[in-house]
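One structure is given here, and the rest of the page talks about it.
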Amino acid sequence: MIRNGLYNVTGAIIRLLLSLLTIPLLIRLIGIDKYGLWSFTMAVIGIVALSEIGLSLSTTVFVARDLTSGNPQNIIETLTITLSTMLILASLAAISLWLAAVPLSGLIPNISQAQRDEVARTLAIGTPVIWARMLQQVLIGFKQAHQQYAEINILQTFQTAALTLGWLVVAWYGGGIAALMGWQAVIALTFFALHVLFSLRLLQGLSLRPVWRWAKASYIARYSLATWVSVLGTSLFSQFDRLIVGAILGPAALGFYAAVTNVTVQINTLSAMLVQPQFPVITQMLAEKAVDLSPLRERVRQAIAANTAGSLGLGTVFLAGSALILPVLMPNVNIEQLAAFRIVIIIYSLYSINAVGSYILFGADRVPLCSAIIFCCGLAALSLIALGSRSFGIVGAMIGNGGYVGTLIVYWFAMKTLDLPPWAWLTWIVMPVALFLGGSGLMLLASDQTNLVLLIGTVQVCALGGWFAMAQRDIIRHVLHKLFPARL
């Protein structure tokens, strides 16, 4: 599990660095207004991809269960159901995007007809991107169930590298957002084919004849639809928000909003990647329905510590370096934009702690409950973003993201599943959250003194690291023994 977590984090860090490099260069090459239009088209692609109805997560869960069933041929049954259903959904989504490209381009106010035509053309070119992305997610879910995290991260990192390098070349030679989407379509189709080839290797020895069983298909459909509500809630927070900001504040404000949130969302991505390999394992342990829950509780405690330390540690680093990071992202930064950046860093750091609680509810077949929580919080965040944008501009939009912190309530129900009282599990997260909030408050008060902010951030990272070392003594000792066997 530690090794798979490190694979995930290493790959995510590389992709984060590529993103941090690409965003400012793209903004400077195509301009903040055009970057806002590009962010709009990417948000639409993300929203249309919601038609996958949770099948990628269902693939991970059901293949993980199939691997413990004693009959590996059940995997073919699961893949037949998820892949064939996704093929139909992906094709319908691609056709729908093609037909809706022109009407969707009319959602952005105060842009020229030439810009509107370019947005419509870009969305039309995005149809193969949608098709390949949706099918690829099923294959990634299949490989996650097999714990193939090294392979997944290698492919995803090379895909990101090829994508970002191509974008920069296209932008350098004067290509518009339609050309950027064209390059993305080429990369999406290429790496989908690579995922197919690597997935076939895991099916060696099995009969590849398609198998369809209606009872299992119905069960997967119900599970997928329940998880889809959760995905929808997340997308309300991470995709629809861009449409709202663009519609209320215009393409330039959307460009800033998208650039900043594209960076801060990496806090969530990196911290979740660290514990993502625990998901299929927790699912299998919950499926065994053991009388003694002690091993499961200990694994959950370790996962929460890793997720919390990762989320708040990364947030601290971003917050301490915010005055240095933001000018790299875009030129001519003002005080209001810096304040907005710092606000959203704190919000993203706090809500990113929710990963393990969600994993437990998904693995325990309490998907409707988890999905309802995430959906309601996503809807609340969306409403607050709209209200904040109209009332207080870009700062208000960032504050509105705070509605999603409510997703932390998943822990209340997840720990009930493990028969853990609040006083037991709250001790796992209260200390690091208190450290983070205290240090973040000090950094906000000293916001105009960069050196002092960096000093406070360094102390806070050390404090969080010390807490994690105390909470995970056994794991750290095990890792050190693996790294330096002759010295321990």
Side-chain angles (χ1 to χ4, degrees), residues 19 22-24 26-27 29-50 97 100-126 129-130 167 171 176-178 180-181 184 232 234-265 326 329-330 332-334 336-337 340-341 343-344 347-348 378-404:
S19 176
T22 304
I23 291 172
L26 267 183
I27 289 174
L29 287 170
I30 66 176
I32 191 67
D33 283 2
K34 189 163 286 191
Y35 184 78
L37 297 178
W38 170 246
S39 299
F40 174 85
T41 62
M42 293 299 291
V44 171
I45 294 289
I47 291 168
V48 176
L50 287 174
L97 180 60
V102 173
L104 287 170
S105 67
L107 295 178
I108 310 176
N110 304 322
I111 61 174
S112 67
Q113 186 59 46
Q115 289 175 312
R116 208 173 299 282
D117 291 341
E118 186 177 20
V119 169
R121 188 165 62 254
T122 303
L123 290 173
I125 296 171
V129 175
I130 283 287
W167 281 344
I177 60 174
L180 295 177
M181 188 64 77
Q184 183 163 347
L232 180 59
T234 302
S235 293
L236 284 174
F237 174 60
S238 63
Q239 301 294 342
F240 281 87
D241 60 336
R242 286 156 166 72
L243 303 189
I244 289 175
V245 172
I248 295 174
L249 300 178
L254 174 57
F256 171 79
Y257 181 92
V260 165
T261 53
N262 282 342
V263 171
T264 51
V265 76
L326 191 56
L329 283 178
M330 60 191 62
N332 305 318
V333 174
N334 57 46
E336 182 186 33
Q337 290 174 327
F341 186 35
I343 289 167
V344 84
I347 291 171
Y348 272 61
L379 194 60
L382 207 63
S383 302
L384 290 172
I385 289 169
L387 180 62
S389 297
R390 290 189 181 279
S391 303
F392 305 105
I394 195 65
V395 174
M398 296 303 185
I399 294 173
N401 282 264
Y404 206 65

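The residues of the chain are indexed from 1 along the displayed sequence. Basis for what follows: all heavy atoms, side chains included, without hydrogens, waters or symmetry-related copies. Please read these numbers as outputs of a predicted model, since none were measured by experiment.
- Annotation: side chain to side chain donor-acceptor pair (under 3.5 Å) contacts involving residues 383-398, sequence neighbours excluded, are absent.
- Remark: A380 engages no residue in a side chain to side chain contact (heavy atoms under 4.5 Å, CB included) (not counting sequence neighbours).
- Annotation: side chain to side chain contact (heavy atoms under 4.5 Å, CB included) contacts of L326 (sequence neighbours excluded): F256, V260, L329, V333, Q337, L338, F341.
- Minimum heavy-atom separation, V245 to A397: CG2-CB, 4.2 Å.
- Remark: T261 engages R242 in a side chain to side chain donor-acceptor pair (under 3.5 Å) (not counting sequence neighbours).
- Interatomic distance, NZ of K34 versus CG of L29, reported as 11.5 Å (0.5 Å rounding).
- Using a 4.5 Å cut-off on side-chain heavy atoms (C-beta onward), F392 and I399 make no contact.
- Here the CD1 atom belonging to I343 is positioned 12.0 Å from the OG1 atom belonging to T264, to the nearest 0.5 angstrom.
- Applying the side chain to side chain contact (heavy atoms under 4.5 Å, CB included) test to A259 and every residue at least two apart in sequence or in another chain returns I23, I27, Y35, M330.
- Contact detail for I394 and A253: the closest heavy-atom pair is CD1-O, 4.0 Å.
- Between W38 atom CH2 and I30 atom CD1 the span is 8.0 Å, to the nearest 0.5 Å.
- Atom CD1 of I125 is separated from atom CG of L180 by 10.0 Å, given to the nearest 0.5 angstrom.
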### Task
Output, in order, the C-alpha distance, side-chain angles, deciding distance and verdict of side chain to side chain contact (heavy atoms under 4.5 Å, CB included) for F40 and L254.
CA-CA 8 Å; F40 174 85; L254 174 57; 4.0 Å; yes
Tell me which donor-acceptor pairs under 3.5 Å the side chains of residues 111-123 have, and how far apart each pair is, sequence neighbours excluded?
unit_1	atom_1	unit_2	atom_2	d
S112	OG	Q115	N	3.2
S112	OG	Q115	OE1	3.4
Q113	NE2	D117	OD1	2.9
Q115	OE1	S112	N	3.0
R116	NH1	S105	O	3.0
R116	NH1	I108	O	3.0
R116	NH2	I108	O	3.4
R116	NH2	I111	O	3.4
E118	OE2	I177	N	3.2
T122	OG1	E118	O	2.7
T122	OG1	A178	N	3.2

### Query
Between N401 and Y257, is a side chain to side chain contact (heavy atoms under 4.5 Å, CB included) present by the stated rule, with each step listed?
CA-CA 11 Å; N401 282 264; Y257 181 92; 3.4 Å; yes
### Query
Do L104 and L97 pass the side chain to side chain contact (heavy atoms under 4.5 Å, CB included) test, and can you show the C-alpha distance, the side-chain angles, and the key distance before you say yes or no?
CA-CA 9 Å; L104 287 170; L97 180 60; 4.3 Å; yes
